[in-house]
Trainee: 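Pasting in a structure now, in structure tokens, and then I'll have a few things to ask.
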Amino acid sequence: MNKRIFIFLFIIGALCLCGCADDFATKINLDGNSSEGEFNSEAALYGTVQDNYGKPIAGVLVSDGMQTTETDAKGNWQLFSDLKLRRFVFVTIPAGYEVPSKNGIPQFWQRIPENEKQFKADFTLMKRAGSGDRYTILMTADPQIRAKTAGTDKYMFHSIDIYEDMCKDMKELAATITDRPVYSICLGDMVHNNMSLWEDYCEGLKDFSFPVFHVIGNHDHIQNAANDDLAVAEYEKYLGPTNYAVDLGQVHYIFLDNIEMADNSALTASATGAYKNGLSEEAVEWLCGHLSHVDKNKILMVCGHTSFYKKIGYDPSVSDLNASVYTGLFSAYKFVHSWAGHNHDYYNYAYAAEETSPKYPNVESHILGRSTGMLGLNASVTSDGGPRGYLVIDVDGENITWKFKACGYEEGKKLENLPADWQLRAYAPNEQGWYTSGKVYVNVWNYDAHWGPVYYSDSGKTKVAMSKDKTHDGYANSLYEQYKDQYTVLAYTTTPHMFSIEPSEGATSATIETTDRFGNRYTASVSW
């Protein structure tokens, strides 16, 4: 990068941080890439975006992973890229157009051939027949498949089998949704360090009737690569760019690689390499340029493998790479939902509901548990006691709601006794020796501060609010105790979504009820 471009990008970055890049963009051309109806013979990348009727589409964002430009009135675009450093050219599919997919993988990019000095990339987008404002997203996290021969995948169930169960359950649910589009998002760690498993992972998606958007996880990198660019090669081979975006209806979705691998070339391929959380300089440059084209009145759904915002006991927005940059960018938008996996536990943090003077009043942080259950065991629960499953997100315009969906299969067999709307699990006093306090405990895994109270009723109490109790989940901790000596990766886990209460003297049964933030009421019963 020459000095002039570096200084220019530095100025743009500063303008992005203070929220004035849009005004700046109206005065000058951000990257010198506008075709204005004519192609420059020196442009390294160029092409046209049109619809399936052959009509040009204006205003479509096109990027090489660093720079972003828009198509002009004739659908033309161009980028003055350094093709030695760029691997993809891709579009941000706009609202009003279908997301093309092949074997479940969205097709919004073209790979730039090696050693090319100039590359023409044309894109054809399918115009949507009706409104796309209403749709459903099936969101998963950390399927993290391992080979069946792996020594760390032999205790309860194999992760590949449980992953296949998850895919089967998702396909079955999607088939019942016939009045709106369905999409899926996987929040990273599709495989576990073993790059030969990408074929197995993609096999699970190949007959999906809906596209699956992905982010790259730390275990999806080549673990013994010399740098992050080399470490993403296998992911890119199967799933394309690691930083990109799409408009679905009225909401803007951003998918970011927030894992930067270190030089791990001294390791073996099966080892787990060192990395830092946060955005690389390249990701920041792409994000800043991209958002300069995105209306600040948009709701953003920002997806990364590890959370950009609040975690249990850790604040990435303070410590992660380039945190001040991305928090500054996102703070300028109408509202931001941050979605992540990585921690394998369920956790939600709504700043405006949790803090008197919220640090990020327009942000909520959502972390999903591992969709294939407790790591290594692939058990029916995660380490914090939430069932293995995924989130079902319904979007209608700007109205966004979600609900947990437990996976209804285990090793290909339908689970007959699985509650249809399972959102909480209750434990009797001293149940199976898992607790010794004499209290009734309840795990509400999808809880956040916008939910109503968790009410308890027994023979002597009527709708008494239970207290939040940061403790372990009884069943999950029993698995830890059972397998901790054999599988040392397991950890004793406490969770902030446990509730407890002393039962009335002489009570032998109780009912628990709560209402989620969207007005849905859930109940559970327990007896002893």
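Computed from a prediction, not measured in an experiment: that's the story for all the values here.
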Trainee: Would you mind checking if Lys461 and Glu502 are paired as a salt bridge, meaning a charged N to carboxylate O distance below 4.0 Å?
Mentor: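 No.
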Trainee: If only atom types and distance count, is the side chain of Asp448 paired as donor or acceptor with the main-chain N or O of His450 below 3.5 Å?
Mentor: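 Yes, the answer is positive, given that a donor and an acceptor are paired below the 3.5 Å cut-off.
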Trainee: To the nearest 0.5 Å, tell me how far Leu138 CG sits from Lys171 NZ.
Mentor: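 One gets 12.5 Å once the value is rounded to the nearest 0.5 Å.
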Trainee: So Ser365 and Ser307, side chain to side chain donor-acceptor pair (under 3.5 Å) or not? Walk me through it.
Mentor: CA-CA 7 Å; Ser365 178; Ser307 183; 3.1 Å; yes
Trainee: Looking at Asp169 and Cys407, would you say the former's side chain and the latter's main chain have a donor-acceptor pair under 3.5 Å?
Mentor: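 Answer holds: no.
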Trainee: When the ring centroid of Tyr349 is compared with that of Tyr309, is the distance short of 6.0 Å?
Mentor: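 No: the rings miss the under 6.0 Å criterion.
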Trainee: May I ask you to decide if Leu173's main-chain N or O and Thr176's side chain share a donor-acceptor pair within less than 3.5 Å?
Mentor: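 Confirmed, Thr176 side chain pairs with Leu173 backbone.
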Trainee: Verify side-chain contact (heavy atoms from CB on, under 4.5 Å) between Leu291 and Tyr333, making sure each step is shown before the conclusion.
Mentor: CA-CA 10 Å; Leu291 286 179; Tyr333 282 83; 3.5 Å; yes
Trainee: Is the side chain of Tyr135 donor-acceptor paired with the backbone N or O of Tyr183 at a distance under 3.5 Å, no angle test?
Mentor: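 Here the side-chain-to-backbone pair does not exist.
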Trainee: Please say whether the positively charged group of Lys359, taken as NZ for Lys or CZ for Arg, lies over the ring of Tyr351, i.e. under 6.0 angstrom from the six-membered ring centre and within 45 degrees of the axis.
Mentor: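 Relative to the ring axis of Tyr351, which defines the angle, Lys359 lies outside at least one limit.
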Trainee: How long is the gap from CZ on Arg128 to CD on Glu98, to the nearest 0.5 Å?
Mentor: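 Rounded to the nearest 0.5 Å, the CZ-CD separation comes to 4.0 Å.
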Trainee: Tell me whether Glu354 is salt-bridged to Lys310, with the criterion being a basic N under 4.0 Å from an acidic carboxylate O.
Mentor: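 Judged by the 4.0 Å cut-off on N to carboxylate O distance, Glu354 and Lys310 do not form a salt bridge.
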Trainee: As an exercise, state the distance from OG of Ser371 to NZ of Lys405, rounded to the nearest 0.5 Å.
Mentor: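 Taking OG in Ser371 and NZ in Lys405, the distance rounds to 11.5 Å.
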Trainee: Do the charged groups of Glu203 and Lys206 touch, with an N to O distance under 4.0 Å?
Mentor: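 Lys206 and Glu203: salt-bridged.
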Trainee: Does Asp394 reach the main-chain N or O of Thr401 with its side chain, forming a donor-acceptor pair under 3.5 Å?
Mentor: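 No, the answer is negative, given that no donor and acceptor are paired below the 3.5 Å cut-off.
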Trainee: Go through Gln107 and Ile105 one step at a time and tell me if the side-chain contact (heavy atoms from CB on, under 4.5 Å) criterion holds.
Mentor: CA-CA 6 Å; Gln107 304 294 301; Ile105 299 171; 3.9 Å; yes
Trainee: Measure up the Tyr492 and His472 rings against each other and bin them: parallel (under 30°), tilted (30 to 60°), perpendicular (over 60°).
Mentor: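 Geometry flag for His472 against Tyr492: tilted rings.
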Trainee: Can you check whether Phe499 and Tyr456 have ring centres sitting under 6.0 Å from each other?
Mentor: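 Between Tyr456 and Phe499, which both carry aromatic rings, the centre distance is not below 6.0 Å.
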Trainee: Hey, does the side chain of Asp473 reach the backbone of Ala476 with a donor-acceptor pair shorter than 3.5 angstrom?
Mentor: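 Yes.
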Trainee: Salt bridge or not for Arg388 and Asp165, using N-O below 4.0 Å?
Mentor: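 Result for this pair is no, no salt bridge flagged.
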Trainee: Angle class for the Tyr163/Tyr201 ring planes (parallel below 30°, perpendicular above 60°, tilted otherwise)?
Mentor: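 Ring orientation, 0 to 90° scale: parallel.
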Trainee: Centre-to-centre under 6.0 Å for Tyr155 and Tyr487, is that the case here?
Mentor: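 Yes, the ring of Tyr155 comes within the 6.0 Å limit of the ring of Tyr487, centre to centre.
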Trainee: For the pair Asp396 and Arg180, find out whether any cationic side-chain nitrogen is under 4.0 Å from an anionic carboxylate oxygen.
Mentor: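 Between Arg180 and Asp396 there is no salt bridge, as every charged N stays at least 4.0 Å from the carboxylate O atoms.
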Trainee: In Å, rounded to the nearest 0.5 Å, how long is the span from CH2 of Trp339 to CD1 of Ile254?
Mentor: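 So the CH2 of Trp339 and the CD1 of Ile254 are separated by 15.0 Å.
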Trainee: So, for Pro211 and Val182, which heavy atoms are closest and what is the spacing to 0.1 Å?
Mentor: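 In this case the closest contact between Pro211 and Val182 is CD-O, 3.8 Å.
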Trainee: In Å and rounded to the nearest 0.5 Å, what is the CG to OG1 distance from Asp228 to Thr242?
Mentor: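 It is 7.5 Å, given to the nearest 0.5 Å.
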Trainee: Does a donor on one side chain sit under 3.5 Å from an acceptor on the other, for Asp257 and Tyr235?
Mentor: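 Looking only at side-chain atoms, Tyr235 and Asp257 do not form any donor-acceptor pair under 3.5 Å.
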Trainee: Has Asn194 got a side-chain atom pairing as donor or acceptor with His192's backbone, closer than 3.5 angstrom?
Mentor: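 Here the side-chain-to-backbone pair does not exist.
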Trainee: Does any donor atom in the side chain of Thr471 or Asp469 lie under 3.5 Å from an acceptor atom in the other side chain?
Mentor: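 No donor-acceptor contact under 3.5 Å links the two side chains.
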Trainee: Would you say Arg425's side chain and Gly385's backbone share a donor-acceptor pair under 3.5 angstrom?
Mentor: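 Yes; at least one donor-acceptor contact below 3.5 Å.
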Trainee: Once you measure the plane-to-plane angle for His290 and His252, does it fall in the parallel (<30°), tilted (30-60°) or perpendicular (>60°) bin?
Mentor: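 Taking His252 first and then His290, their aromatic rings lie parallel (interplane angle under 30°).
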Trainee: State the OG-CD distance between Ser525 and Glu513, to the nearest 0.5 angstrom.
Mentor: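 So the OG of Ser525 and the CD of Glu513 are separated by 10.0 Å.
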Trainee: Between Lys403 and Asp516 (salt bridge meaning N to carboxylate O under 4.0 Å), is one present in this structure?
Mentor: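 Salt bridge between Lys403 and Asp516, a charged N being under 4.0 Å from a carboxylate O: no.
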Trainee: Which atom names give the shortest non-hydrogen contact between Trp528 and Ala507, and what distance separates them?
Mentor: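 Taking Trp528 first and Ala507 second, the nearest heavy atoms are NE1-O, 2.8 Å.
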Trainee: Examine distances only and state if a side-chain atom of Arg370 and a backbone atom of Thr382 form a donor-acceptor pair shorter than 3.5 Å.
Mentor: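 Pair absent, no side-chain N/O of Arg370 close to backbone of Thr382.
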Trainee: Contact between Val232 and His221 at the side-chain level, heavy atoms closer than 4.5 Å - yes or no?
Mentor: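 They are in contact (side-chain heavy atoms under 4.5 Å apart), so the answer is yes.
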Trainee: Would you find a donor on one side and an acceptor on the other, under 3.5 Å apart, between the side chain of Asn193 and the backbone of Gln223?
Mentor: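 Not a single qualifying donor-acceptor pair exists.
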Trainee: Can we say Lys148 and Asp161 salt-bridge, meaning some charged N sits less than 4.0 Å from an Asp/Glu carboxylate O?
Mentor: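 Between Asp161 and Lys148 there is a salt bridge, with a charged N closer than 4.0 Å to a carboxylate O.
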Trainee: Can you give me the closest heavy-atom contact between Thr372 and Pro143, atom names plus distance?
Mentor: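 Minimum heavy-atom contact is OG1-O, 3.0 Å.
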Trainee: Give the intermediate values and the outcome of side chain to side chain donor-acceptor pair (under 3.5 Å) for residues Asn443 and Tyr475.
Mentor: CA-CA 11 Å; Asn443 190 342; Tyr475 177 52; over 6 Å; no
Trainee: Does the gap between the ring centers of His337 and Trp402 come in under 6.0 Å?
Mentor: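 Ring-ring flag for His337/Trp402: true, centres closer than 6.0 Å.
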Trainee: Asp189 versus Asn218: any side-chain heavy-atom pair under 4.5 Å?
Mentor: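 SC-SC contact between Asp189 and Asn218 confirmed.
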Trainee: Any Lys/Arg nitrogen of Lys414 or Glu172 sitting under 4.0 Å from an Asp/Glu carboxylate oxygen of the other?
Mentor: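 Answer for the salt bridge query: yes.
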Trainee: Begin from the C-alpha positions of Glu164 and Tyr409 and carry the test side chain to side chain donor-acceptor pair (under 3.5 Å) through to its verdict.
Mentor: CA-CA 9 Å; Glu164 290 172 354; Tyr409 290 90; over 6 Å; no
